Amino acid sequence: MEILIISGMSGGGKSKAASFLEDVGFYIVDNMPAGMILKFAEFCAAGSGRYHKVALVYDVRTADSFDEFLEVLSILRQREYNCRLLFLEADVGTIINRYKETRRMHPLQERCNSLEAAVNREIALMSPVREQADVVINSTNYSTARLRGELLRIFGGNQSGGEMQVSLVSFGFKHGLPLEADLVFDVRFMPNPFYIDAMKAKTGLDQEVRDYVFSFRETELFMEKLRDLLGFVLPLYQEEGKTVLVAAIGCTGGHHRSVAVTRALAEYIRSLGFQVTENHRDMTRT
């Protein structure tokens, strides 16, 4: 059984971390007292695999002293459980700004003269816990997507999403932009097979149409630059934690040029090691 204890600074990202880990199968319990952790672990271990991945959120709200928690952590690590401690933190200024944005009160603020004093007090209180952490993440400069990606990389196992999925959509501008698109590329500058009688009723999936579209120098130059762009940005999107990227390629009607380019891009992106899906949204529309 895997037990992950999520701890750290208030405002460090524990709640977001818990929600992301829940997405990959962890059973989440928030604010569990140290005295109950061992009994809960035993209960989960006897659950015939139902609770094989458990994440417990433990923080400064639970106790003024962490001696009992550290003892429980030591016992868990000595048993057959796969027990790890994740500690999330951020710098003082970032935590203060996060509390100002949410207009919530820091759990130690009533005991201190200011929010800054409360944050510094928490840093001192949590230092023994931080020293025992298996993983420490400083979320100061992390976007939500990057935090999610880092957590799934470390704790997601087979569901970590190491290969970002790229969804390619061909479409016709006359039918409107795909609302879900992250990137949109316009290929209406390419020569249009629609005006050639032998190709008018065909689509960009037909070899004759593809050969025609890619017979022009401007098409090859465009594809060369587009491959360079995607080869550069796709790994960066993946590093940022994006799990699905939608790229839309549009021509006038969505029958010929956009379909041919989408198919070619799919082949290239697969060669980079990404999962790719194709959707030719308007190919059969009139």
Side-chain angles (χ1 to χ4, degrees), residues 1-32 34 36-59 61-62 69 72-73 76-77 79-90 98 129-130 132-167 180 182 233-247 269-270 272-277:
M1 184 179 72
E2 183 175 359
I3 299 177
L4 176 63
I5 300 176
I6 305 169
S7 191
M9 302 295 297
S10 303
K14 298 188 301 299
S15 295
K16 288 182 178 179
S19 64
F20 296 149
L21 292 168
E22 188 173 28
D23 291 341
V24 291
F26 278 88
Y27 182 82
I28 307 296
V29 181
D30 193 12
N31 199 22
M32 175 170 285
M36 296 180 59
I37 291 178
L38 284 177
K39 291 187 179 296
F40 184 74
E42 293 169 358
F43 167 78
C44 292
S48 302
R50 181 180 178 185
Y51 303 105
H52 67 287
K53 295 173 68 174
V54 177
L56 310 175
V57 182
Y58 185 86
D59 57 29
R61 296 172 296 169
T62 308
F69 168 73
V72 167
L73 179 64
L76 288 173
R77 285 173 168 168
R79 294 185 179 179
E80 66 274 14
Y81 310 128
N82 175 18
C83 178
R84 289 186 286 178
L85 172 60
L86 165 67
F87 192 94
L88 290 133
E89 62 184 6
R98 289 174 181 173
V129 178
R130 188 186 189 281
Q132 293 296 318
D134 299 284
V135 179
V136 176
I137 294 179
N138 189 312
S139 66
T140 298
N141 297 313
Y142 275 38
S143 64
T144 299
R146 185 181 176 190
L147 177 61
R148 181 180 187 276
E150 184 71 0
L151 289 168
L152 298 191
R153 181 184 67 80
I154 298 171
F155 301 107
N158 293 331
Q159 301 181 64
S160 62
E163 293 184 358
M164 179 179 65
Q165 180 173 310
V166 181
S167 177
E180 71 275 18
D182 298 299
V233 301
L234 291 182
L236 297 178
Y237 278 118
Q238 179 173 267
E239 182 180 338
E240 182 66 12
K242 200 167 186 64
T243 55
V244 178
L245 180 78
V246 181
I269 294 171
R270 285 192 188 95
L272 298 178
F274 294 97
Q275 300 176 25
V276 184
T277 61

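Residues take their numbers from the sequence shown, with the count starting at 1. Values in this document were obtained by computation on a predicted structure and should not be read as measured data.
Within 6.0 Å of atom OH in Tyr81, more than 12 heavy atoms from other residues, nucleotides or ligands are found, so the atom counts as buried in its surroundings.
Between Leu73 and Cys83, the shortest heavy-atom contact is CD1-SG, 3.9 Å. Counting all heavy atoms, side chain and backbone alike, Cys44 lies closest to Val54 at SG-CG2, 3.8 Å.
A ring-centre distance under 6.0 Å is not found for Phe20 and Phe155.
Expressed to the nearest 0.5 Å, how far CD of Glu42 lies from CG of Leu76 amounts to 9.0 Å. Taking CG of Leu151 as the start and CD1 of Ile137 as the end, the distance is 4.5 Å to the nearest 0.5 Å. To the nearest 0.5 Å, atoms CD (Gln275) and CZ (Arg270) are separated by 10.5 Å. Note: Leu147 CG to Glu150 CD = 8.5 Å, rounded to the nearest 0.5 Å. Rounding to the nearest 0.5 Å places CG of Asn138 at 9.5 Å from CG of Leu88. Taken from CG in Asp59 to CG in Asp30, the straight-line distance is 7.0 Å, to the nearest 0.5 Å.
With sequence neighbours left out, Met32 forms a side chain to side chain contact (heavy atoms under 4.5 Å, CB included) with Val29, Met36, Ile37, Phe40, Leu56. In terms of the side-chain hydrogen bond (donor to acceptor under 3.5 Å, both in side chains) criterion, residue partners of Asn31 (sequence neighbours excluded) are, by chain and number, Thr62. Applying the side-chain hydrogen bond (donor to acceptor under 3.5 Å, both in side chains) criterion to Arg98, with sequence neighbours excluded, gives Ser139. Residues meeting the side-chain hydrogen bond (donor to acceptor under 3.5 Å, both in side chains) test with Gln132, sequence neighbours left out: Arg77.
Applying the side-chain hydrogen bond (donor to acceptor under 3.5 Å, both in side chains) definition to pairs two or more places apart or across chains, those involving residues 12-21 are Lys16-Thr144.
Lys53 places no side-chain N or O within 3.5 Å of a backbone atom of Leu21 that could act as its donor or acceptor partner.
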Would Val129 and Leu85 satisfy side chain to side chain contact (heavy atoms under 4.5 Å, CB included), going step by step from the backbone distance to the final call?
CA-CA 9 Å; Val129 178; Leu85 172 60; 4.0 Å; yes

Donor-acceptor pairs under 3.5 Å, side chain of residues 2-11 to any protein atom, not counting sequence neighbours: which ones?
| unit_1 | atom_1 | unit_2 | atom_2 | d |
| --- | --- | --- | --- | --- |
| Glu2 | OE2 | Arg84 | NH2 | 3.1 |
| Ser7 | OG | Tyr58 | O | 2.6 |
| Ser10 | OG | Glu122 | OE2 | 2.8 |

